[in-house]
Student: 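The structure's right below; bear with me while I get my questions together.
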2 protein chains.
Amino acid sequence: MGGIREQKKQQTRRAIETAAIDLFSRKGFDATSMDDIASAAGVGKATIYGYFPAKDDIFLHYCDDRLVTAFNQFKEQQSADISFVEYLIAFFMIKFASITENREFGRLLLREMLFPREATDKVRDHNQRYFDILEGVFSVAEKRGEILPDLDHFMLSGHFFSLYVGLLAGWYGCYFNQLEEVEQNMRTLFEQVCHGIKP
Amino acid sequence: MGGIREQKKQQTRRAIETAAIDLFSRKGFDATSMDDIASAAGVGKATIYGYFPAKDDIFLHYCDDRLVTAFNQFKEQQSADISFVEYLIAFFMIKFASITENREFGRLLLREMLFPREATDKVRDHNQRYFDILEGVFSVAEKRGEILPDLDHFMLSGHFFSLYVGLLAGWYGCYFNQLEEVEQNMRTLFEQVCHGIKP
DNA sequence: AGGTAAACTCGACTCAGTTCGAGATTTATC
DNA sequence: GATAAATCTCGAACTGAGTCGAGTTTACCT
């Protein structure tokens, strides 16, 4: 039934996640020990492992949630009356801002999602969310005549996604530091894809 | 001068690197402990830290070397009489094959190089090697009239580099498993950049 | 040759993530 | 309501990366 146990579990889980994210944000991921998290959350260290398989997973889970939230907000507020390029820029910039809001979180998330130890469902689902959206965008763009009719939408999604990843790598390599720069470069790159670079 | 000491150092260093790479290859990176490496190399654990700042650096150094070697081979055997697209494909495929030869090594190298803890000189140098070459390619292509004359070569380099990184991420996410597939997709993506996707 | 300083080596230690297993708490069964 | 079964909890132990500092070797100088 309802269950005292179930209720307590949710509570404990939330306490651990909250404590962990708070500490990670304030002290950094590496500087926060599992003992720190345990005492902040008021549980034993081993208890944490009943809820999260590893230290990484605590905030990976959290990051993923935040990314989904950011995207849902975006979907609501986004008008459909703009060119697909503007739409893509808005879409990727939301993601970009969300993922780099905390530099360290973003770095760890990207490492795990783009170059995973093994291709788990978690990773595939995460990526699939992007691709579903992007393929939708290109279907619309095709109907509107904004792009050539015989293009592979999966390939196109991969193309724009790659550029987004490249910009993230540029960010983490300190090739740029301002979101404005990122957007400017993103626009240039996207235009390049649109118009081609050959005479 | 010449030095018994210097000679021994080189010998020790090589012993450590050889033992480490051998163990990493056979047992995997995580499953190999520093103690394992130390006893295989016939030195004390702490000695390793006199040669390499951390476990990662042992094979990061090795990977980087291999990448440089692969590139030098490439430069020698590559004809200049092919289109810049074919040149880029050959270039990136060499890199791709070299970096994914050992799946785990490549993964760790990419994580470290693309999303580094902090942008160290090592990382910048590593990336700069790519960009120098790419910018050179585009200069030639521009002179030959293969690309439009007013393009930013740095941006172009970033564009193709991003596509390469995207393909790597696809590889690690198991979207493809054969080098032939990678090359095929790479060609499609590169053609997309050349001709544009707009009507 | 002998002495000294610098460089090298490594056993022992610390520190943090993860696992174990025994005891406590809740739920299910009769 | 008692008892068994399942689940949850956490102190203690384990593991492996990285550090420390004392002991050893080598290079250089006079």
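Note on naming: letters A, B, ... go to the chains in the order of the sequence lines (proteins, then strands), and numbering restarts at 1 for each one. All values below come from the heavy atoms of this structure, side chains included, with hydrogens, waters and symmetry mates left out. None of the values given here were measured: they were computed from a predicted structure.
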Student: Roughly what angle, to 10°, lies between the helix axis at the start of the helix from C:dA1-D:dT30 to C:dC30-D:dG1 and the one at its end, five pairs per end?
Tutor: 10°

Student: May I have the distance from A:Gln10 (atom CD) to D:dC8 (atom P), rounded to whole angstrom?
Tutor: 11 Å

Student: Verify, without hydrogens or angle tests, whether B:Asp22 (side chain) and B:Ala19 (backbone) share a donor-acceptor contact under 3.5 angstrom.
Tutor: no

Student: Describe the nucleic acid contact of A:Tyr51 in one word from base, sugar-phosphate, nothing, applying a heavy-atom distance below 4.0 Å.
Tutor: sugar-phosphate

Student: Set out, in order, the CA-CA distance, both residues' side-chain angles and the distance that settles side-chain hydrogen bond (donor to acceptor under 3.5 Å, both in side chains) for A:Glu76 and A:Asn72, then state yes or no.
Tutor: CA-CA 6 Å; A:Glu76 282 172 19; A:Asn72 288 339; over 6 Å; no

Student: Does D:dC8 have OP1 or OP2 under 4.0 Å away from a side-chain N or O of A:Lys9?
Tutor: yes

Student: Between B:Phe29 and B:Phe59 (judged by ring centroids, cut-off 6.0 Å), do the two rings come close enough to count as a pair?
Tutor: yes

Student: Within this structure, what is the CZ-to-P distance between A:Phe52 and C:dG17, rounded to whole angstrom?
Tutor: 15 Å

Student: Atom pairs under 3.5 Å, N or O on each side, protein against nucleotides 17-19 of chain D: can you list them with distances?
Tutor:
unit_1: D:dA17; atom_1: OP1; unit_2: B:Thr32; atom_2: O; d: 3.3
unit_1: D:dA17; atom_1: OP1; unit_2: B:Lys55; atom_2: NZ; d: 2.7
unit_1: D:dA17; atom_1: OP2; unit_2: B:Met34; atom_2: N; d: 2.6
unit_1: D:dA17; atom_1: N7; unit_2: B:Lys45; atom_2: NZ; d: 3.2
unit_1: D:dG18; atom_1: OP2; unit_2: B:Tyr49; atom_2: OH; d: 3.2
unit_1: D:dG18; atom_1: OP2; unit_2: B:Lys55; atom_2: N; d: 3.1
unit_1: D:dG18; atom_1: N7; unit_2: B:Lys45; atom_2: NZ; d: 3.4
unit_1: D:dG18; atom_1: O6; unit_2: B:Lys45; atom_2: NZ; d: 2.6

Student: Quick check: do B:Val193 and A:His159 have side-chain heavy atoms less than 4.5 Å from each other?
Tutor: yes

Student: If the test is ring-ring contact (aromatic ring centres under 6.0 Å, His included), which one of A:Phe96, A:Tyr164, A:Phe176 qualifies with A:Trp171?
Tutor: A:Phe96

Student: In whole Å, I'd like the distance from the CD1 atom of A:Ile48 to the C1' atom of D:dC8.
Tutor: 14 Å

Student: Using ring-ring contact (aromatic ring centres under 6.0 Å, His included) as the criterion, point out the one residue from A:Phe71, A:Phe154, A:Phe161 that pairs with A:Tyr130.
Tutor: A:Phe161

Student: Return no unless some side-chain N or O of B:Thr47 is found under 4.0 Å from OP1 or OP2 of C:dC8.
Tutor: no

Student: Could you tell me how far apart A:Phe24 (CZ) and C:dA16 (C1') are, to the nearest whole angstrom?
Tutor: 13 Å

Student: In whole Å, what is the span from the NZ atom of B:Lys8 to the C1' atom of C:dC8?
Tutor: 10 Å

Student: Under the 3.5 angstrom rule, does the side chain of A:Arg107 hit a backbone N or O of A:Tyr172 as a donor-acceptor pair?
Tutor: no

Student: Please find out if less than 6.0 Å separates the ring center of B:Phe92 from that of B:Phe160.
Tutor: no

Student: To the nearest Å, give me how far apart CD1 (A:Ile37) and P (C:dC15) are.
Tutor: 18 Å

Student: Do you know which two heavy atoms are closest between A:Phe131 and A:Gly158, and how far apart they sit?
Tutor: CE2-N, 3.7 Å

